[in-house]
**Student:** 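Dropping the structure in here first, questions after.
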Amino acid sequence: MPELPDVEIARRVIEERGLGRRIASVEDSDTWVSRPHGPGEIAQALTGARLTAAHRHGKTMWIETDTGPVVGLHLGMTGGIRVDEDPDPRGWDRFALEFEDGGRLALRDMRRLGRAVLDPDLSRLGPDAAEVGRHEFRERVGRGESPIKARVMDQNVIAGVGNLMADEILWRARVSPRAPAGELTDDRLDELRRATRAVIRLGIREGHAGVGELNPHRIKGGTCPRCGAALEHDRVGGRTTFWCPREQG
DNA sequence: ACCTATGTTGATAC
DNA sequence: GGTATCAACATAGG
């Protein structure tokens with residue numbers, strides 16, 4: 001689920017329902033999700049602190065506190081943020097801040113590919129996909145020999161685009177996912193950026209990343225919602241990819 | 001039973 | 001350095 005729009009929604013939830021609340025205790029015993037921290041380490045840093053701000057860059061979120069420590073949160077593949085809900089009966093709450101008012105903020109994540117860490121390292125993330133400028137997009141995305149799809153999903157290049165959004169973006173811009181990134185013209189790159197921004201805005205408005213016209217047809221036997229051609233599917237950049245061979249050939 | 005699939009990321013090898 | 005592959009995790013489905 002989580003791509004940039006999902007994470008932005010989660011960030012807003014934290015902002016609206018978490019800020020100002022004081023942490024009484026922290027559930028940080030899942031040391032896989034909280035690696036490299038040991039059990040109790042995050043709790044020690046955060047207990048007594050009050051949440052003061054919630055930020056996002058790409059798919060990474062972080063929460064600031066009035067005493068200094070920063071909590072980084074990543075939703076991984078199946079993670080989500082839950083505020084003031086009962087603990088998950090299946091044990092999928094991998095990390096939680098428990099507030100002195102009795103409420104809690106949980107990272108619920110079946111597959112445990114999410115992360116909760118102190119002072120997250122954001123240095124290797126490219127510019128946020130929702131904010132990146134035209135020039136920078138051309139420079140960063142339009143280079144290299146790898147397929148353009150791999151390029152736009154590379155978080156070091158631009159941050160926030162995942163597999164589903166990448167297919168939607170490429171389909172909208174009528175660019176083949178396999179096109180070598182460095183061979184795209186500036187015009188094509190500008191169209192890609194335009195589609196990226198549109199898909200992100202749509203996702204945020206609708207409340208999740210799995211939106212768009214292509215997405216419902218992203219199944220075996222699916223057809224292009226524009227021209228009706230049978231969609232192709234294969235692995236590109238290591239990920240399952242659907243595209244229209246007629247329009248994105 | 002065994003193999004595949006799945007929205008992410010990172011380490012590792014060429 | 002850039003690129004590709006695999007592993008980490010848990011579950012569902014053929």
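Chain letters run A, B, ... following the sequence lines, proteins first and then strands; every chain starts at 1. These values consider heavy atoms only, across backbone and side chains, with no hydrogens, waters or symmetry-generated copies.
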**Student:** What heavy-atom pair brings A/Leu19 and A/Ala54 nearest, and what distance separates the two atoms?
**Tutor:** CD2-N, 4.1 Å

**Student:** Take the protein atom CG of A/Asn215 and the nucleotide atom P of B/dG7, then report the distance between them rounded to whole Å.
**Tutor:** 10 Å

**Student:** Identify whether any heavy atom of A/Arg35 sits under 4.0 Å from a base atom; if not, whether one sits that close to sugar-phosphate; answer base, sugar-phosphate or nothing.
**Tutor:** nothing

**Student:** Given B/dG7, C/dA4, C/dA10, which nucleotide is nearest the side-chain atoms of A/Asn163?
**Tutor:** B/dG7

**Student:** Report the distance from atom CG of A/Asn156 to atom P of B/dG10, rounded to the nearest whole Å.
**Tutor:** 8 Å

**Student:** Report the distance from atom CZ of A/Phe242 to atom C1' of B/dG7, rounded to the nearest whole Å.
**Tutor:** 13 Å

**Student:** Remember a base hit wins even if backbone is also touched, and classify A/Gly144 as base, sugar-phosphate or nothing at under 4.0 Å, heavy atoms.
**Tutor:** sugar-phosphate

**Student:** Verify the contact: side-chain N or O of A/His74 to OP1 or OP2 of B/dT9, cut-off strictly under 4.0 Å; return yes or no.
**Tutor:** yes

**Student:** Could you point out which residue of A/Arg197, A/Arg11, A/Arg56 forms a salt bridge (charged side-chain N to carboxylate O under 4.0 Å, His left out) with A/Asp128?
**Tutor:** A/Arg56

**Student:** Looking at every heavy atom in both A/Val236 and A/Pro147, which two are closest together, and how far apart are they?
**Tutor:** CG1-CB, 3.9 Å

**Student:** Do you know the tightest heavy-atom contact between A/Arg172 and A/Gly212?
**Tutor:** NH2-CA, 4.3 Å

**Student:** Nearest whole angstrom, please: distance from the P of C/dA12 to the CE of A/Met77.
**Tutor:** 16 Å

**Student:** Which nucleotide in the list C/dC9, C/dA4, C/dT11 gets nearest to the side chain of A/Pro147?
**Tutor:** C/dA4

**Student:** In whole angstrom, what separates A/Arg235's CZ from B/dG7's C1'?
**Tutor:** 13 Å

**Student:** Quote, to the nearest angstrom, the P distance that separates C/dA8 from B/dA1.
**Tutor:** 22 Å

**Student:** Just to confirm, is there a sub-4.0 Å distance from OP1 or OP2 of B/dT8 to any side-chain nitrogen or oxygen of A/Gln155?
**Tutor:** no

**Student:** In terms of side-chain heavy atoms of A/Arg151, which of C/dA10, B/dG7, C/dT3 is nearest?
**Tutor:** C/dT3

**Student:** Does A/Arg239 have a side-chain nitrogen or oxygen under 4.0 Å from the phosphate oxygens OP1 or OP2 of B/dT8?
**Tutor:** yes

**Student:** Any strand counts, and the cut-off is 3.5 Å on both contacts for Watson-Crick or G-U wobble. Which nucleotide pairs with C/dA4?
**Tutor:** B/dT12

**Student:** Let's see if you can work this out: which of C/dT3, B/dG7, C/dC9 has an atom nearest to the side-chain heavy atoms of A/Leu113?
**Tutor:** C/dC9

**Student:** Might you point out which heavy atoms bring A/Ala10 and A/Ile81 nearest each other, and give the distance in Å?
**Tutor:** CB-CG1, 3.9 Å

**Student:** Nearest of B/dT9, B/dG7, C/dA10 to any side-chain atom of A/Arg111?
**Tutor:** C/dA10

**Student:** Quick one: is A/Ser146 getting a side-chain N or O under 4.0 Å of the C/dG2 phosphate, OP1 or OP2?
**Tutor:** no

**Student:** With rounding to whole Å, what would you report as the distance between B/dG7 and C/dT3 at their C1' atoms?
**Tutor:** 23 Å

**Student:** For the P atoms, the ones on B/dT12 and on C/dC9, what distance do you get once it is rounded to whole angstrom?
**Tutor:** 15 Å

**Student:** Mind checking who C/dT11 pairs with, Watson-Crick or G-U wobble, both distances under 3.5 Å?
**Tutor:** B/dA5

**Student:** Expressed in angstrom and rounded to an integer, what is the separation of A/Leu75 atom CG from B/dT8 atom C1'?
**Tutor:** 10 Å

**Student:** In whole angstrom, give me the gap between the P atoms of C/dG1 and B/dT9.
**Tutor:** 22 Å

**Student:** Do we get A/Arg226 above A/Trp171's six-membered ring, with its NZ or CZ under 6.0 Å from the centre and within 45° of the axis?
**Tutor:** yes

**Student:** CZ of A/Arg178 versus C1' of C/dA4: gap in Å, rounded?
**Tutor:** 15 Å

**Student:** Between A/Trp92 and A/Trp32, which is nearer to the 5' end of DNA chain C once each is assigned its nearest nucleotide?
**Tutor:** A/Trp32

**Student:** Expressed in angstrom and rounded to an integer, what is the separation of A/Met153 atom CE from B/dG7 atom P?
**Tutor:** 9 Å

